[in-house]
There are 2 protein chains.
Amino acid sequence: MRISQPFGSRATMSETALPQATPTQVALTHGADFHEEPKTLVEGAYQRLRRDIIEGVHAPGEKLRVEHLKERYDVGAGTLREALLLLVTDALVVAQGQRGFRVAPISIADFEDITRTRVLLETEALRQSIACGGEDWEAGVVAAFHRLSRAEQRLADHDVGTTQEWEIRNRAFHEALIAASGSRWIRHFQHILYQQSERYRRISLFRQPIARDIHAEHQALFEATMARDATRATSILTEHILRTLDAVKRMPADFFTNRSMR
Amino acid sequence: MRISQPFGSRATMSETALPQATPTQVALTHGADFHEEPKTLVEGAYQRLRRDIIEGVHAPGEKLRVEHLKERYDVGAGTLREALLLLVTDALVVAQGQRGFRVAPISIADFEDITRTRVLLETEALRQSIACGGEDWEAGVVAAFHRLSRAEQRLADHDVGTTQEWEIRNRAFHEALIAASGSRWIRHFQHILYQQSERYRRISLFRQPIARDIHAEHQALFEATMARDATRATSILTEHILRTLDAVKRMPADFFTNRSMR
DNA sequence: GATCATTAAAATCTCGAGAAAATATATTGA
DNA sequence: TCAATATATTTTCTCGAGATTTTAATGATC
């Protein structure tokens with residue numbers, strides 16, 4: 001992609017043009033992303049571990065003992081340690097020197113923080129995308145919205161095994177919206193925060209099915225974006241993201257208990 | 001610290017109160033921070049490597065060969081790999097599967113991105129701090145400003161070996177300003193971005209001495225903050241950060257050439 | 001019964017060596 | 001001279017075992 005264009009107009013930012021990105025630009029998110037072919041055992045273990053943490057296989061706060069996990073993931077101790085270290089980058093695992101690793105704990109305050117920071121970054125990125133996005137970006141948004149719509153239709157019809165698919169396409173849609181933002185750093189941080197919120201969403205939706213018309217929200221967001229109405233689009237996006245926060249807030253309090261295990 | 005308070009008032013954010021942080025809250029930035037005693041060999045190598053990268057000992061884009069570096073840092077290959085992996089978290093090192101590690105490249109576009117994203121996050125955090133900060137926060141700001149002032153005085157008098165000290169206190173001042181922000185995530189991202197910009201600043205200041213009255217800028221920022229004038233404080237902070245961007249922009253173009261080395 | 005020191009067990013951290021892959025060099029043919 | 005292939009070298013990746021530290025268990029003392 002390697003897009004680099006001027007930022008969207010905000011009162012606080014000086015209006016100087018950004019130069020083109022250098023050819024040596026490198027992806028900020030490290031190699032082993034979702035659904036990318038793992039090139040090494042470390043990346044493979046990293047991907048599987050990440051999925052398991054996000055899906056709640058390893059409970060929040062749980063201790064991750066290398067000697068036990070090397071069986072499950074079928075790699076050596078050193079390799080598993082490296083995978084764990086990679087997960088520290090995503091803040092899904094916390095490492096304490098000489099005391100090993102554990103799954104990052106969850107709390108309602110943390111999710112609130114994640115959500116609001118995500119709003120801050122994602123609306124800014126959307127503003128930039130709407131201001132600078134070209135035809136390629138538009139096409140990407142249209143395609144992602146189409147795929148998401150199909151998944152949501154299928155979800156409404158027969159809801160078996162399609163949530164995984166929906167999750168992937170929902171993420172793709174949100175990333176397509178901000179793909180033209182020009183700020184690799186905002187996209188990078190957004191990526192991390194989205195991943196974090198996905199963890200909360202997965203474990204919460206598991207117990208309490210969604211009761212809102214998400215498709216309508218996406219539709220409105222899509223239309224405002226294509227109409228290049230930055231004010232309306234960011235407003236809808238904000239409400240959209242905050243609504244998930246409200247849903248999670250209504251979860252029983254014991255949902256946020258972390259596994260201590262000494 | 002573990003402060004968790006409502007966000008500063010922004011039109012786009014709903015005005016709901018944040019609950020208190022849970023006692024299980026964990027630091028987002030991983031253990032081995034600046035000037036913290038390393039508890040393991042990995043952390044020690046990580047700290048030294050990070051310092052060397054920020055100071056430009058290892059040039060941007062340079063390949064980091066484990067077999068060579070293990071001599072310099074006096075640790076085993078596996079240990080050094082782990083340290084390198086930790087640096088990926090800070091985006092100071094990039095890892096490509098089966099092709100080793102290299103120092104993250106630099107470019108004028110990247111620094112522009114870093115700076116503007118930093119403005120976005122740091123002004124928001126400052127707004128929150130001014131809105132929610134208590135006496136502890138005020139005291140911290142006063143103390144940090146005092147220490148910074150002394151360092152800047154010393155820098156103006158006899159400028160030998162005090163830049164290191166100034167760098168540390170400048171960072172401490174900026175972090176003290178946003179310490180009461182309540183958003184661990186914003187502080188976390190700010191931390192990463194500050195580190196990134198420090199790398200640019202170090203290599204640029206090395207060639208071209210500063211020609212601006214930084215102390216006056218800090219003074220104004222300090223006074224506006226203590227007066228709880230969020231609008232003025234964020235405005236000064238924005239100008240303050242952007243001014244460094246302008247300085248770096250005036251560097252010769254060849255300054256941003258990365259070491260390819262195949 | 002509770003607190004503290006001592007001992008035993010478990011886990012983490014660290015290293016060096018071998019396997020796999022990538023890069024550099026040499027060779028061959030057009 | 002250039003391109004393509006084959007070989008040699010370097011580098012990365014992976015594993016298991018030993019050293020160090022943390023954690024749990026046991027026993028002694030108040």
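Keep in mind that this is a model prediction, so the values were computed, not measured.
For the residue pair A/E43 and A/Q47, no side-chain donor N or O sits within less than 3.5 Å of a side-chain acceptor on the partner.
Minimum atom distance to the side chain of A/V42 is reached by D/dT14, of the listed C/dC13, C/dT14, D/dT14. For B/L41, the side-chain atoms get nearest to C/dC15 when compared with the rest of D/dT14, C/dT12, C/dC15.
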Using a cut-off of under 3.5 Å, enumerate the N/O to N/O pairs linking the protein to nucleotides 16-22 of chain C.
none

I'd like a list of close polar pairs between nucleotides 6-11 of chain D and the protein, N/O only, cut-off under 3.5 Å.
| from | atom 1 | to | atom 2 | distance (Å) |
| --- | --- | --- | --- | --- |
| D/dT11 | OP1 | B/R65 | NE | 3.4 |

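At whole-Å resolution of the value, CG in B/L86 and P in C/dT14 are 11 Å apart. Between B/E82 atom CD and C/dT14 atom C1' the separation is 9 Å, expressed in whole Å. Remark: C1' of D/dC13 and CZ of A/R81 are 16 Å apart, rounded to the nearest angstrom. Atom-to-atom, CG of A/L85 to C1' of C/dT14 comes out at 14 Å; the value is rounded to the nearest Å. Rounded to an integer number of Å, the gap from B/L80 CG to C/dT14 P is 12 Å. Taking atom CZ on A/R102 and atom P on D/dT23, their separation rounds to 9 Å, with Å as the unit.
Nearest heavy atoms, A/L86 versus A/Y46: CB-CD1, 3.6 Å.
For B/T40 and C/dC13, the shortest distance from a side-chain N or O to OP1 or OP2 is not below 4.0 Å.
Two residues are said to be in side-chain contact when any heavy atoms from C-beta on lie closer than 4.5 Å; A/T244 and A/T115 fail this criterion.
Using a cut-off of 4.0 Å between Lys/Arg side-chain N and Asp/Glu carboxylate O, B/E167 and B/R171 are scored as not salt-bridged.
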Which is it for A/I186 and A/I178 under the side-chain contact (heavy atoms from CB on, under 4.5 Å) test, yes or no, and what are the steps along the way? CA-CA 9 Å; A/I186 290 186; A/I178 64 171; 5.7 Å; no

Steps toward salt bridge (Lys or Arg N to Asp or Glu O under 4.0 Å) verdict (A/R116, A/E112): CA-CA 6 Å; A/R116 293 178 187 280; A/E112 188 130 20; 3.0 Å; yes

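Seen from the ring of B/Y194, B/R201 counts as a face-on cation partner, given the 6.0 Å and 45° thresholds.
Below 30°, between 30° and 60°, or above 60°: for B/F189 and A/F189 the angle between ring planes is below 30°, a parallel geometry. Relative orientation of the B/W185 and B/H188 rings is perpendicular, given thresholds of 30° and 60° on the angle between their planes.
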